[in-house]
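Throughout, a chain's letter reflects where its sequence line sits, starting with A, and its residues are numbered from 1. Atoms considered below: every heavy atom in the structure, side chains included; atoms not considered: hydrogens, waters and symmetry mates. Not measured: the values here are computed from a predicted model.
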Number of protein chains: 4
Amino acid sequence: MTVRGRIDKRAAILAAAAEVFTREGYGQAGVDVIAAEAGVAKPTVYNHFGDKETLFREAIAAEADRVLAEHLAVVDQLRDGDDLRAALENVAHHMLVCHCEERSVALRRLLNAELGRFPDLIDIVRGRAADRVTDALADRLARLALAGRLRRLDPTQAAEQFLALLTGPIEARSRLGTRRVADDELWAVARAAVDTFLRAFAA
Amino acid sequence: MTVRGRIDKRAAILAAAAEVFTREGYGQAGVDVIAAEAGVAKPTVYNHFGDKETLFREAIAAEADRVLAEHLAVVDQLRDGDDLRAALENVAHHMLVCHCEERSVALRRLLNAELGRFPDLIDIVRGRAADRVTDALADRLARLALAGRLRRLDPTQAAEQFLALLTGPIEARSRLGTRRVADDELWAVARAAVDTFLRAFAA
Amino acid sequence: MTVRGRIDKRAAILAAAAEVFTREGYGQAGVDVIAAEAGVAKPTVYNHFGDKETLFREAIAAEADRVLAEHLAVVDQLRDGDDLRAALENVAHHMLVCHCEERSVALRRLLNAELGRFPDLIDIVRGRAADRVTDALADRLARLALAGRLRRLDPTQAAEQFLALLTGPIEARSRLGTRRVADDELWAVARAAVDTFLRAFAA
Amino acid sequence: MTVRGRIDKRAAILAAAAEVFTREGYGQAGVDVIAAEAGVAKPTVYNHFGDKETLFREAIAAEADRVLAEHLAVVDQLRDGDDLRAALENVAHHMLVCHCEERSVALRRLLNAELGRFPDLIDIVRGRAADRVTDALADRLARLALAGRLRRLDPTQAAEQFLALLTGPIEARSRLGTRRVADDELWAVARAAVDTFLRAFAA
DNA sequence: CATGAATGAGCATTCATTCAT
DNA sequence: TATGAATGAATGCTCATTCAT
């Protein structure tokens with residue numbers, strides 16, 4: 001098999017693993033199912049990843065990378081401008097959209113689910129997702145404060161709270177991700193969050 | 001065996017089930033382990049609950065009842081008084097303590113984990129926990145607004161945000177419940193949440 | 001409970017046992033099912049019969065008694081008369097009807113099925129059914145021979161062959177009891193059997 | 001493992017299955033026992049046959065093939081010759097020997113036993129055994145009739161009766177296969193059957 | 001390296017049987 | 001005696017993992 005073929009197989013296995021693990025959970029996911037969905041034989045999975053646990057970790061890491069990239073791209077859009085509220089609302093809404101994406105929901109679910117068995121997943125994911133987003137957002141908020149658009153604040157804490165005001169209500173309303181939330185409800189949550197945030201943090 | 005004995009066994013099984021399911025997840029939990037931990041024979045579990053799935057649902061429901069009761073008791077402490085900030089901070093801190101309790105963390109984890117397989121868990125738990133707490137808190141906030149201590153607000157939205165300001169940051173800091181959070185950090189989060197909340201909602 | 005009640009329960013259990021054992025076979029039949037079908041609690045079955053095996057034997061014996069009675073009644077109808085062929089045909093047809101009755105088929109099936117596990121069933125049933133019928137028929141044939149209606153014959157052997165000529169073809173045509181055989185086919189088999197029998201044994 | 005090895009395992013499993021199923025019946029037979037007797041692991045059985053039921057059907061079919069082959073070979077020996085009675089007696093005796101063979105008895109027993117649960121067994125077995133033997137014998141009898149050695153007859157009916165005259169008495173005397181029948185008793189039954197048959201059907 | 005086949009260990013569930021009442 | 005409840009011992013079937021090719 002060509003090198004390219006080998007790489008393809010590895011990627012196919014990872015994709016299938018992400019799919020199956022998020023759909024069924026670690027325990028319930030069968031390696032045969034993953035292999036079948038990837039179009040390879042079961043031992044090929046073992047040749048590439050050694051055992052189910054390793055496959056699981058790598059699949060999680062890959063998913064976390066993807067989710068992180070999306071979120072960072074959103075935070076990156078937050079630029080100072082004439083209308084700070086509008087800018088924040090746009091970012092807030094966009095983050096909610098990402099947050100509610102199926103793969104995003106599934107990853108958070110899976111992570112939560114298996115943290116008991118694999119506590120180190122936190123380290124795999126933290127450096128790749130949650131904290132990095134908070135940090136990036138904190139950076140932006142710091143610059144906005146420096147620019148006099150926000151009052152003096154603890155950037156990390158403010159970023160934490162901004163994100164909390166977004167994701168907290170949406171978790172409730174999406175029934176922990178089991179229900180689709182309509183776009184106007186996303187906008188409503190985003191606006192409410194930004195309103196509260198600005199009341200508390202506007203310069 | 002006395003009727004009391006039967007009830008005891010049922011309760012013992014439910015307790016063991018909660019323990020084992022939260023420790024291992026639905027798929028990985030073994031009915032034999034639950035039976036052993038409850039001090040009964042495996043078929044006794046089946047006599048009482050019919051199958052693993054039913055046992056799971058009932059164990060979840062029982063845990064949700066317990067967690068709800070704790071949280072409602074905390075919200076119930078929120079009374080108007082001279083020092084609104086102090087009152088809110090006390091309630092906030094107390095809620096965080098509940099939120100970080102091992103059984104609370106475990107229940108949320110398990111719920112998240114198995115929502116894919118058992119979407120109806122949401123209905124079992126919602127009526128018993130999450131929404132009820134938000135509602136109770138919304139009631140209190142409405143009365144505070146009526147009493148002129150808070151500005152006019154949408155009580156449910158404000159309650160959602162108050163809770164989000166508490167639980168969002170704590171999820172991050174506890175690494176999704178994998179790390180104990182020291183009490184002074186709980187106080188810090190509580191104070192920061194109340195500070196932001198009052199900046200946004202004080203009359 | 002009255003003595004009568006006790007007897008009723010015993011009978012109800014036996015009836016239910018016959019029903020369930022013939023429907024499911026010994027191994028597959030559940031004592032709980034029998035108890036439920038009899039309207040008693042499982043331990044009541046054990047109080048009356050000790051264990052599943054004993055219950056099985058007694059149920060078989062009761063069924064065998066019933067089947068024997070039916071068959072003997074038929075053989076008993078065989079009287080000498082003007083038209084020997086017609087008399088034999090009537091008895092032959094009647095025996096086939098009995099042979100094809102559901103309970104008769106079920107009993108033979110069950111007996112065959114469990115002879116491996118319970119070889120002594122043969123003794124329970126033989127004295128009650130198969131041999132007794134052959135003997136009774138042999139008696140009649142002997143009298144017919146004495147009366148000069150049949151040639152000299154070995155009565156037992158002739159009876160065996162008469163029965164074989166009836167049941168053999170019918171087993172094949174009923175596909176071992178899985179297919180209902182129409183009445184005119186029963187008559188055809190009966191006539192063919194009697195024809196062959198008379199060709200071989202008429203005086 | 002070589003392809004040959006795979007085939008060997010499959011055959012070993014089938015052989016063990018036939019052995020165990022006939023010994024214990026479908027319900028009582030344990031797949032682990034079959035696997036052990038075949039010298040393979042339990043999942044190998046499932047890899048080859050999917051489930052217990054399929055294994056059962058295939059084992060039955062294989063046994064039926066074997067039994068059919070034996071019986072056909074016997075019928076095939078029936079050639080016209082100087083001494084028709086002797087020819088018929090030889091075939092009759094030979095058929096009885098086959099009929100009383102342990103595997104033959106066991107297959108009939110098992111078939112009867114499980115027809116309630118698996119009515120389609122009839123179709124599996126009929127085309128492979130019972131009817132084919134009757135047909136083959138009917139063919140021979142037709143030729144003997146054509147050759148003027150037997151009177152005009154309905155070949156199928158005559159074949160049915162010939163077989164019935166053999167197997168009916170032998171079932172009774174072997175106590176449904178629970179008792180070995182001595183060879184001279186087999187000869188006696190064979191001769192008696194042929195005698196009756198020739199009295200009824202000789203030209 | 002990829003695969004078809006094999007396996008040891010495990011798991012949900014059932015059942016005949018027995019206590020305690 | 002009749003019963004609700006409990007249990008030890010199976011049993012069919014699955015799964016992660018490993019060879020032999």
Side-chain angles (χ1 to χ4, degrees), chain A residues 1-3 5-6 9-10 13 26-35 39-53 55-56, chain B residues 1-3 5-7 9-10 13 26-35 39-53 55, chain C residues 1-3 5-6 9-10 13 26-35 39-53 55-56, chain D residues 1-3 5-7 9-10 13 26-35 39-53 55:
Chain A
M1 172 163 296
T2 72
V3 169
R6 178 162 165 73
K9 284 205 195 237
R10 186 183 173 89
I13 294 170
Y26 176 80
Q28 248 39 16
V31 175
D32 9 9
V33 176
I34 293 172
V40 302
K42 218 182 336 176
T44 304
V45 176
Y46 283 88
N47 284 339
H48 278 274
F49 296 96
D51 63 6
K52 192 186 180 186
E53 212 173 305
L55 173 59
F56 181 62
Chain B
M1 174 164 294
T2 70
V3 168
R6 173 149 226 264
I7 291 175
K9 287 210 192 234
R10 189 185 169 89
I13 294 169
Y26 176 80
Q28 250 36 20
V31 176
D32 16 8
V33 177
I34 293 172
V40 303
K42 216 186 328 180
T44 302
V45 175
Y46 283 89
N47 283 341
H48 278 274
F49 295 96
D51 63 6
K52 194 186 178 186
E53 208 173 307
L55 173 59
Chain C
M1 171 161 296
T2 70
V3 168
R6 180 163 165 69
K9 286 207 193 234
R10 188 183 171 88
I13 294 170
Y26 177 79
Q28 247 39 14
V31 175
D32 7 12
V33 176
I34 294 172
V40 303
K42 218 185 334 179
T44 303
V45 176
Y46 283 88
N47 284 339
H48 278 274
F49 296 95
D51 63 5
K52 193 186 178 185
E53 211 173 305
L55 172 58
F56 181 63
Chain D
M1 173 164 294
T2 69
V3 168
R6 172 147 228 266
I7 290 174
K9 287 208 194 238
R10 188 184 170 88
I13 294 170
Y26 177 80
Q28 249 37 18
V31 177
D32 12 9
V33 176
I34 293 172
V40 304
K42 214 186 333 179
T44 302
V45 175
Y46 284 90
N47 284 341
H48 279 273
F49 296 96
D51 62 6
K52 192 187 179 185
E53 209 174 307
L55 173 58

Residue B:Thr44, side-chain atoms from C-beta onward, closest of F:dT3, E:dT3, F:dA6: F:dA6
Spacing between A:Phe56 atom CZ and F:dA16 atom C1', to the nearest angstrom: 16 Å
Contact nearer the 5' end of DNA chain F, comparing D:Lys42 with B:Pro43: B:Pro43
Pairing residues for B:Val33 by the side chain to side chain contact (heavy atoms under 4.5 Å, CB included) criterion, not counting sequence neighbours: B:Val20, B:Arg23, B:Glu37
Nucleotide E:dA6, atom P - distance to OH of A:Tyr46 in whole Å: 18 Å
Backbone of C:Ala29 reached by a side-chain donor or acceptor of C:Lys52 within 3.5 Å: yes
For atom CD1 of C:Ile34 and atom P of E:dT17, their distance in whole Å: 11 Å
B:Ile13 to B:Ile34 - nearest heavy-atom pair and separation: O-CG2, 4.1 Å
Minimum heavy-atom distance between A:Ala35 and A:Ala41, given as atom pair plus value: CB-C, 4.0 Å
Touch class at under 4.0 angstrom, heavy-atom based, for B:Ala29 against every strand present: sugar-phosphate
For C:Asp32, side chain to side chain contact (heavy atoms under 4.5 Å, CB included) partners two or more places apart: C:Lys42
Between E:dA2 (C1') and A:Arg10 (CZ): distance, integer Å: 16 Å
Whole-Å distance separating the CD atom of C:Glu53 from the P atom of E:dC15: 18 Å
Pairing pattern in dot-bracket form [Watson-Crick, G-U; both distances under 3.5 Å; | = partner strand] for DNA chain E: .||||||||||||||||||||
Side-chain touch A:Tyr46/A:Val31, heavy atoms, less than 4.5 angstrom: yes
DNA chain E: 5'-proximal contact among D:Ala41 and C:Asp51 (nearest heavy atom): D:Ala41
d(CG, D:Asp32; P, E:dC11) in whole Å: 17 Å
Protein-nucleotide distance (C:His48, atom NE2; F:dA2, atom C1'), rounded to Å: 9 Å
Short side-chain N/O contact to F:dG4 OP1/OP2 from B:Lys9, under 4.0 Å: no
D:Val33 vs B:Val40, nearer the 5' end of DNA chain F by closest nucleotide: B:Val40
Residue met sooner reading DNA chain E from 5', once D:Gly39 and C:Gln28 are mapped to nucleotides: D:Gly39
A:Asn47 CG - F:dC19 C1' separation (whole Å): 12 Å
Contacts of type ring-ring contact (aromatic ring centres under 6.0 Å, His included), residue C:Phe56, not counting sequence neighbours: C:Phe21, C:Tyr26, C:Phe118
Side chain of B:Lys52 (C-beta onward), nearest among F:dT18, E:dT13, F:dG8: E:dT13
